[in-house]
Protein chains: 2
Amino acid sequence: MSDQKTNHDTRDRILDVAEQLFMAHGYEGTSLRVITNTAEVNLAAVNYHFGSKEALLREVFRRRLAWLNRERLRALDALESGAGGAPLKPSQILEAFFGTLLRIGEDEALGGMTFLRLLGRTLTDPAEFIRTFLAGEYAEVIERYKQALFSALPDVPKAEIVWRLHFMLGAMSYAIAGTDVLQVVTGCELSDLAGEETAGAIDDTALARRLSQRLMPFLLGGLRAPLPGCLDSVPHVPPSEGDAEPQTQRHLQEKQP
Amino acid sequence: MSDQKTNHDTRDRILDVAEQLFMAHGYEGTSLRVITNTAEVNLAAVNYHFGSKEALLREVFRRRLAWLNRERLRALDALESGAGGAPLKPSQILEAFFGTLLRIGEDEALGGMTFLRLLGRTLTDPAEFIRTFLAGEYAEVIERYKQALFSALPDVPKAEIVWRLHFMLGAMSYAIAGTDVLQVVTGCELSDLAGEETAGAIDDTALARRLSQRLMPFLLGGLRAPLPGCLDSVPHVPPSEGDAEPQTQRHLQEKQP
DNA sequence: CTAGTATTAAAACGAACGTTTGAACTATGG
DNA sequence: CCATAGTTCAAACGTTCGTTTTAATACTAG
């Protein structure tokens with residue numbers, strides 16, 4: 001009546017609506033009835049087209065992660081072939097990994113900020129099958145980038161690199177998912193933090209671009225931070241006293257003794 | 001029969017079991033029937049003692065966050081009175097904020113790693129009332145620490161500080177919550193990363209101590225990372241070329257031009 | 001000991017959930 | 001034009017959910 005429906009329109013409409021609602025209310029918090037009502041399709045359509053609610057969630061992710069995984073591998077391949085065997089710079093690796101992800105937020109056709117937020121929130125979803133599924137989808141790409149970081153930082157213990165990769169993933173996920181979560185905690189609106197904004201409401205794609213600018217230096221700084229060192233049980237005492245921030249930033253190249 | 005029950009034992013047993021199950025399966029994924037069966041109490045006990053499932057979750061958090069909020073404020077007060085008006089070092093502030101949190105993981109009486117993981121996961125829970133509740137519980141402490149960071153880094157734009165506080169909270173939450181989440185993603189077991197472990201299974205309190213050692217340098221490095229600067233749309237090109245990591249780490253003291 | 005309050009117990013409530021069914025509708029090809 | 005496969009539809013299935021009710025039990029004050 002209002003919109004014309006093609007043959008596969010029902011499938012796509014369900015996927016779009018489910019993506020939005022899973023993002024806003026989570027997997028368990030979103031019922032098939034709300035999804036089908038919002039999409040203006042019949043309740044049975046989900047089970048007909050996808051088989052089950054779980055399979056619907058998997059399909060929501062698959063159609064986006066296909067591009068992300070392909071693009072991330074492509075970016076790393078381009079870097080490595082461009083370097084000709086030489087080790088890459090960590091900043092290049094991070095840019096390929098996180099920059100590719102954040103590009104999704106700038107392009108509505110790739111999922112936009114909606115999918116980006118969904119991805120960030122779902123990584124910590126308590127449901128078992130979700131974590132298992134996402135781990136499987138991520139495994140290959142993560143492994144490639146992990147190895148790239150090992151080669152780029154040969155003097156840093158591999159365990160330390162994995163830890164910091166873990167931390168970086170966390171910072172990124174929260175930064176993405178927490179537009180209304182932790183911004184409430186921090187007591188600021190995103191629009192107040194965007195910088196040179198134009199008018200009241202801020203565009204989602206512009207937000208993604210700003211986010212990328214802010215996040216990347218933070219991640220690089222964390223990745224390059226000095227190693228824990230040998231002081232064990234009293235980690236809060238800095239090695240030297242003096243003015244506000246006296247000790248110069250040592251790099252990761254030094255190995256722990 | 002097996003264990004004796006005092007008067008308030010039912011309440012506390014429900015809280016302990018709910019804390020564990022909410023951590024493992026989330027709020028919506030944990031039914032009152034599973035909680036009461038596990039706690040070996042009657043189904044109606046939750047509504048009798050707490051009023052509703054929502055109120056139960058709030059109480060689970062309140063009994064732990066009371067200590068955390070008090071201790072975080074106390075630590076900051078001690079720092080500020082000890083400095084006598086002089087600005088604090090960012091490392092001191094981070095140590096007070098994150099170190100206090102991580103101490104929960106080392107002490108089972110404060111909630112241990114169970115509550116720490118619950119806290120990390122719940123911050124991204126999609127349920128509205130949960131985020132609202134946690135934001136209210138956190139507001140005062142976050143505001144105090146935010147102001148402390150503003151004073152400690154007077155030359156850094158406040159928006160940038162809030163962004164990085166946001167990133168740090170994310171890295172910490174994921175690091176805590178993701179013992180089985182992102183460790184699967186990274187393809188490593190925590191025990192492989194702990195370093196000088198003793199035997200097979202690793203103690204939770206020992207894990208919290210290791211986590212603290214790894215996380216704090218990362219957060220400090222991220223907080224002190226150079227500002228985004230003026231280069232806008234091509235943030236992945238470093239200002240100077242050369243060997244693997246040529247540019248020396250500039251500090252936050254420099255203001256963006 | 002008794003009265004009265006606090007707690008526990010068993011059972012049921014209505015609502016919402018994911019899923020299935022079987023008939024109605026639509027479109028395409030012989 | 002009818003047969004047939006693909007799709008939509010209304011209705012119902014059985015289960016599980018949070019909550020409430022009502023009675024039985026444990027505890028305490030007078």
Side-chain angles (χ1 to χ4, degrees), chain A residues 1-61 122 125-130 132-133, chain B residues 1-61 122 125-130 132-133:
Chain A
M1 191 66 78
S2 53
D3 309 55
Q4 80 286 357
K5 292 186 182 180
T6 77
N7 240 356
H8 281 175
D9 202 42
T10 298
R11 250 188 77 99
D12 292 335
R13 178 140 60 206
I14 290 175
L15 285 175
D16 289 339
V17 168
E19 185 176 64
Q20 154 72 31
L21 290 177
F22 283 152
M23 180 272 287
H25 309 112
Y27 176 74
E28 306 232 41
T30 305
S31 72
L32 292 185
R33 283 169 174 83
V34 173
I35 292 176
T36 53
N37 284 345
T38 307
E40 297 178 279
V41 301
N42 190 267
L43 168 61
V46 168
N47 284 277
Y48 174 78
H49 283 285
F50 302 97
S52 69
K53 190 186 178 185
E54 287 197 10
L56 168 61
L57 181 89
R58 277 193 288 265
E59 192 53 34
V60 165
F61 276 94
T122 311
D125 196 283
E128 173 99 8
F129 88 95
I130 296 182
T132 305
F133 165 71
Chain B
M1 191 61 80
S2 53
D3 308 55
Q4 78 287 357
K5 291 187 184 183
T6 77
N7 241 354
H8 282 175
D9 202 40
T10 298
R11 251 188 76 101
D12 292 335
R13 178 143 55 208
I14 290 175
L15 286 175
D16 290 339
V17 168
E19 186 176 60
Q20 154 72 30
L21 291 177
F22 283 152
M23 181 273 287
H25 308 111
Y27 175 75
E28 308 232 41
T30 305
S31 73
L32 291 185
R33 283 169 175 83
V34 174
I35 293 177
T36 52
N37 283 345
T38 308
E40 296 179 278
V41 300
N42 190 267
L43 168 60
V46 168
N47 283 278
Y48 174 78
H49 283 284
F50 302 97
S52 70
K53 190 186 177 186
E54 288 196 11
L56 168 62
L57 181 90
R58 278 192 289 265
E59 193 53 35
V60 165
F61 276 95
T122 311
D125 196 283
E128 173 99 8
F129 88 95
I130 296 182
T132 305
F133 165 71

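In this text the structure is predicted, and so the values were computed from the model without any measurement.
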Quiz prompt | Separation of atom CG in B:N42 from atom C1' in C:dA6, rounded to whole Å | solution = 15 Å
Quiz item: Which whole-number value in Å describes the distance from B:R13 CZ to C:dT7 C1'?
Solution: 14 Å
Quiz item: Between B:K53 (NZ) and D:dC17 (C1'), how many Å, whole number?
Solution: 8 Å
Quiz item: If we only count heavy atoms from C-beta on, is the A:F133 to A:L57 side-chain gap below 4.5 Å?
Solution: no
Quiz item: Rounding to a whole Å, what distance do you find between A:R11:CZ and D:dT7:P?
Solution: 10 Å
Exercise. Figure out the CD/C1' separation between A:E40 and D:dT7, and round it to whole Å.
Key: 18 Å
Exercise. May I ask you to evaluate whether A:T10 reaches the phosphate of D:dT8, defined as a side-chain N or O under 4.0 Å from OP1 or OP2?
Key: yes
Quiz prompt | Whole-Å gap separating P (D:dT19) and CZ (B:F50) | solution = 13 Å
Self-check item: Nucleotide C:dA9, atom P - distance to NE2 of B:H49 in whole Å
Solution: 10 Å
Practice problem: Pick base, sugar-phosphate or nothing for B:A44, based on heavy-atom distances below 4.0 Å to the nucleic acid. | Solution: base
Quiz item: Counting only non-hydrogen atoms, which of residues 22-38 of chain B are less than 4.0 Å from DNA chain C?
Solution: B:R33
Self-check item: Atom-to-atom span, CG of A:N47 to C1' of C:dT20 - whole angstrom
Solution: 8 Å
Quiz item: With under 30° as parallel and over 60° as perpendicular, where do the rings of A:Y27 and A:F129 fit, or are they tilted in between?
Solution: perpendicular
